[in-house]
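Let me begin by presenting the structure, written as structure tokens, before commenting on it.
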2 protein chains.
Amino acid sequence: MDPAVAPIDFRTDPSRYKHWKLSTENGVAYLTMDVNEDGGLKPGYKLKLNSYDLGVDIELADAVHRLRFEHPEIGAVVIRSQRDRIFCSGANINMLGLSTHDHKVNFCKFTNETRLAIEDASSQSGQTYICSINGIAAGGGYELALACEQILLADDGSSAVSLPELPLLAVLPGTGGLTRLVDKRMVRRDHADFFCTTAEGLRGKRAREWRLVDQLIPPSKLVEQTQKIAEEVAAKSSRPKDAKGIALPTVERQIDGDTLRYANLTVEIDREGRSAKFRLNGPSSAPPDDVHAAGAAFWPLALAREFDDAMMHLRLNETEIGTWVLTSQGDAALVEAYDAVLAQNADDWLIREIVLYWKRTLKRLDVSSRSLIALVEPGSCFTGTLLEIALAADRSYMLDGVFEGSNLPAATVRLTDMNFGPYPMGNGLTRLSTRFLNDPGHVETLRDQAREPLDAGAADEAGLVTFTPDDIDWEDEVRLAIEERAGFSPDGLIGMEANLRFPGPETMETKIFARLSAWQNWIFQRPNATGPEGALKLYGTGKQSKYDRKRA
Amino acid sequence: MDPAVAPIDFRTDPSRYKHWKLSTENGVAYLTMDVNEDGGLKPGYKLKLNSYDLGVDIELADAVHRLRFEHPEIGAVVIRSQRDRIFCSGANINMLGLSTHDHKVNFCKFTNETRLAIEDASSQSGQTYICSINGIAAGGGYELALACEQILLADDGSSAVSLPELPLLAVLPGTGGLTRLVDKRMVRRDHADFFCTTAEGLRGKRAREWRLVDQLIPPSKLVEQTQKIAEEVAAKSSRPKDAKGIALPTVERQIDGDTLRYANLTVEIDREGRSAKFRLNGPSSAPPDDVHAAGAAFWPLALAREFDDAMMHLRLNETEIGTWVLTSQGDAALVEAYDAVLAQNADDWLIREIVLYWKRTLKRLDVSSRSLIALVEPGSCFTGTLLEIALAADRSYMLDGVFEGSNLPAATVRLTDMNFGPYPMGNGLTRLSTRFLNDPGHVETLRDQAREPLDAGAADEAGLVTFTPDDIDWEDEVRLAIEERAGFSPDGLIGMEANLRFPGPETMETKIFARLSAWQNWIFQRPNATGPEGALKLYGTGKQSKYDRKRA
């Protein structure tokens, strides 16, 4: 991290939004986009025509997240624009042109996660997203619409949806557009081909016939009809209309040189070793009787928010820190007790949200382009929910026995009900099922061992950890693994990890992070897009790109 | 194509092999690798240690293909090495270092297709591949083994399997290795992580326990045991042991300036328009009574061989020709009659091979990184098997009516049984099911229309073609589509097409061409691998790469 540059901060709340207005009425939330041209995250570009940068998306992500916790009464969310004749013109091109490769890639990853969070809210949380388009929805603007369950388009002869990235910029729609076209909306591939090569996009009848939008509405009735549709959807939602939300205050943290401190998490950066050591702390007391009263202080929720913030911070602000070393510390029995609260109250709306949040946070870990090494040491509490973190790692080391001269008892790991379903990966399988793809029966066997503390021998036998060195070998073996990782090419590691982490079935989600993102990253690296004569650089200058014509 | 450089020729036969020996005994074929160091396809590198370039793989692909047609009696194929203590050291690094980006990418694609053809032979054709490793199987060498159904490893303390690409070269194993590790052999991801970051690889007991190999055999018994295992497998094969194979003579072609002429296919290159027009000719007479006697002259087989050769030629030798325009000419009723022979004799071993060959050829079209535009004109015969080509296109134009002044009747398309199952795409679905992912019932409805000639109106109604201009609009609309394509960035088009062509389920095959290849292409473009200080460039010089450490 360059100490002269303030880090990108992912913490915000509606009182600080520059680009969105959030209001609620009759069980419906309205997220209204009104991007402040001069409110870009970095200098050098203006956010014209409701175009966005990472800062705009950080607010959107915050709103989507907050609605789930703070507004149990909301059953539908309308995304719309404050502007006349323009819904959203997508990611800001000048911002992209000025950005480094790693910023572009990390920006796309975050926006993809936000759109998947929108879909998760619709499908899992009873907050269904509806997009109401009153003008041009271009590129990322239409991709935002595609993340909603219903797309309403003004039928005024000019409102249109488009994906002009390829014809205008020589890049792909970077936020899942291609995948959602053919896999979610199941648009015929030849129609999709025509649509994605037609810069001005489609409108009216053809847009509906080709399933690019769901409904055409006369412009004068768009606001009113949208409200009616959204209220009908909200009325059918399973969310508890009379419940009281919990407030999500700002996540407190302290950046102290190379140490990042939260209440339940510490991250220490070793710049020379290009690694960061996460220490997740277990709870300090038994679960409270009233989770709702505890609110954001409830340990699983507090830790998830901190862990999520730390990952986003490191991804964008500490790109040279390539290895995340994952450790935990605390009382395994207490973690187990909290897991029991989560498992036994799955029907409570707040518990459901907390579990879904952990699911998303763990997925964020899965798709972080960092090498992940878990260390299971004496004093650790890799139990249930926290054990998922070790299972998400590329490999894990568990000390067999104790450290000489330490009175900490030998490390154990424990499975809980939370390891057997509530936290599927992007591929739709649990981390255990993914790990034992070869032997689904083994996962069933492990159920019998749930809640037992497994020492290194038993954990190895169960296949839950990779290596179990004793205290004589531990230091060398662990140091070597971390050092070795720092010596490899980051690009090679990113590609390797993306290929090894997601065996088994593919979903729209894994397709977005695999095929779509990988091709986009390739294109972002090609001179035809990002070279000095590339389309992304020349956009708006009136100059024409000269493409290298060779087909790779 | 540079006229000063001889084009890469994909046509070969065992009498011309430089790198492989093919022998047969007791129902088993032995493909023995003995790469001629000085036999590289291009100057500048030596193929040491049984390393390979495209030329070596062209021979392998020919052998795999030929065994199916020429040797119905063969039920198992052993891949092994002639060399002492070395099985195969993978793709030649110096060749990769000297190659252009597009050659590297096209080379990897071809080798991937060859390995998939090996797996297709094992799973569909009763020719099961067994790999017998007598030394080091490194990188592409181990990936070749992974494409086989059984991997036998000499247990001699030094024979080992490895994927050293990441640690040594900062690239990925480029021929499906990562995918096959976790998806085919279902190696645990943490084991795979350790294996892929350990340059020297694994041997003996751990290699077997981690499922990297199937069997360890004492070195003195390797030859004899391999033979025994292969003969047992062959004995259980469904292949007709007493049948007589058909000979596959060299595919005749003539390169005449920008025209490529085969007996049943003509390809005309328009260099200015950066497009190539394929004209596939229908059969000139009714199907013969005896397909076996007709052999390689049987129209469907002859055309498949020509079409396949033309695609391989254009891919590697004509990289600037970015659009393939697909047309056909002939008698639709005759095509239908040939399709009936294929459908009604599916149990005949030769017919089975011809159909499987069309399946692979159509898949080669699907993954060709070229824009595909089908033109359905008067006089065309897009029926059944040939209609698959139009369905593989990114979009199609069908003339509604006739051309003024022409006496050719209006174009029709016809479905046959061959459109409903025998030619699945890489995603496991037929092109019809992929096209109508949104409406599986529609595919069933189309069955009722099989064998009916559908004019432009009916074809449009059925969703089989994209646009149906009349003769007034035809020329402009088609010309514009082809010209427009030539104006777009080739990289953007490649990425877009790769994302739109394969909706629906993913398979190991689609994962290899999507996630794995896209990441590899990205890495091939990154300075850490291919820059002047990149690992691929510096390999063997003793110099150390200095990596850009930013994680994208």
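Just so it is clear, the values below take in all heavy atoms, side chains as well, and ignore hydrogens, waters and symmetry mates. Below, read A as the first sequence line, B as the second, and so on, with proteins coming before strands; counting in each chain starts at 1.
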Could you check whether the rings of Phe194(A) and Phe467(B) sit parallel, tilted or perpendicular, using 30° and 60° as the cut-offs? perpendicular

Which heavy atom in Ala552(B) sits nearest to a heavy atom in Ser369(A), and how many Å separate them? O-OG, 2.5 Å

Name the option with the most non-hydrogen atom pairs under 4.5 Å to chain A; the candidates are Val105(B), Asp548(B), Asn438(B). Asn438(B)

What do you reckon, is CD of Glu477(A) surrounded by more than 12 foreign heavy atoms closer than 6.0 Å? yes

Do any of residues 512-519 of chain B come closer than 4.5 Å to chain A, heavy atom to heavy atom, and if so which ones, in number order? Phe513(B), Ala514(B), Arg515(B), Leu516(B), Ala518(B), Trp519(B)

How long is the span from the NZ atom in Lys550(A) to the CG atom in Asp491(B), to the nearest 0.5 Å? 11.0 Å

Considering only heavy atoms and a distance below 4.5 Å, find which of Gly492(B), Pro490(B), Gly534(B), Gly487(B) pairs most often with chain A. Pro490(B)

Spatial distance of atom CZ (Arg549(A)) from atom CG (Asp102(B)) [nearest 0.5 Å]: 14.0 Å

Rounded to the nearest 0.5 Å, what separates atom CZ in Arg395(A) from atom CG in Asp193(B)? 4.5 Å

Heavy-atom proximity to chain A below 4.5 Å, by part of Thr100(B): neither

Leading residue by heavy atom contact count with chain B [cutoff under 4.5 Å; candidates Asp394(A), Ile523(A), Asp183(A)]: Asp394(A)

For chain A, which candidate among Ala192(B), Gly495(B), Ala481(B), Pro173(B) shows the most heavy-atom pairs at distances under 4.5 Å? Gly495(B)

Using 0.5 Å steps for rounding, measure from the CZ atom of Arg551(B) to the CH2 atom of Trp324(A). 9.5 Å

So, for Asn528(A) and Ser489(B), which heavy atoms are closest and what is the spacing to 0.1 Å? CB-OG, 3.7 Å

To the nearest 0.5 Å, tell me how far Phe488(A) CZ sits from Tyr547(B) OH. 8.5 Å

Chain B contact via Leu314(A) - which portion, at a heavy-atom distance below 4.5 Å: neither

Less than 4.5 Å apart, side chain to side chain, heavy atoms only: is that true for Cys196(B) and Glu497(A)? no

Checking Val187(B), Asp190(B), Leu178(B) against Leu500(A) for side-chain contact (heavy atoms from CB on, under 4.5 Å), the one that qualifies is Leu178(B)

Using a 4.5 angstrom heavy-atom cutoff, name the option from Gln520(A), Lys109(A), Arg370(A), His191(A) with the most pairs to chain B. Arg370(A)

For the candidates Thr197(B), Leu493(B), Asn106(B), which exhibits the highest count of non-hydrogen atom pairs separated by less than 4.5 Å from chain A? Thr197(B)

Side chain, backbone, both or neither: which part of Ala535(B) has a non-hydrogen atom closer than 4.5 Å to chain A? neither

Counting only heavy atoms not in Glu461(B), do more than 12 fall under 6.0 Å of its CD? no

Under 4.5 Å to a heavy atom of chain A? For Leu172(B) that would be side chain

Note, Arg188(B) side chain near Phe436(A) side chain (heavy atom, < 4.5 Å): yes

Counting only heavy atoms closer than 4.5 Å, note whether Thr434(A) contacts chain B via side chain, backbone, both or neither. neither

Partner chain A: residue of Ser396(B), Ala393(B), Ser368(B), Ala529(B) with the largest heavy-atom pair count (under 4.5 Å): Ala393(B)

Does any backbone or side-chain atom of Arg274(A) lie under 4.5 Å from a heavy atom of chain B? Answer side chain, backbone, both or neither. side chain

Which one, Arg485(B), Gln544(B), Arg185(B), leads in non-hydrogen pairs under 4.5 Å with chain A? Arg485(B)

In this structure, CZ of Arg189(B) is separated from OG1 of Thr466(A) (nearest 0.5 Å) by 9.0 Å

Top of Leu169(A), Ile494(A), Leu181(A) for chain B proximity - count of heavy-atom pairs under 4.5 angstrom: Ile494(A)

For chain B, the option from Arg526(A), Glu320(A), Arg211(A) that forms the most heavy-atom pairs under 4.5 Å: Arg526(A)

For the student: nearest non-hydrogen atoms of Pro503(A) and Val182(B), plus distance: CB-O, 3.6 Å

Per-residue contact mode, Thr507(B) against chain A (heavy atom under 4.5 angstrom): neither

Indicate yes or no for a side-chain donor-acceptor contact from Lys511(A) to the backbone of Gly504(B) under 3.5 Å, with no hydrogens or angles considered. yes

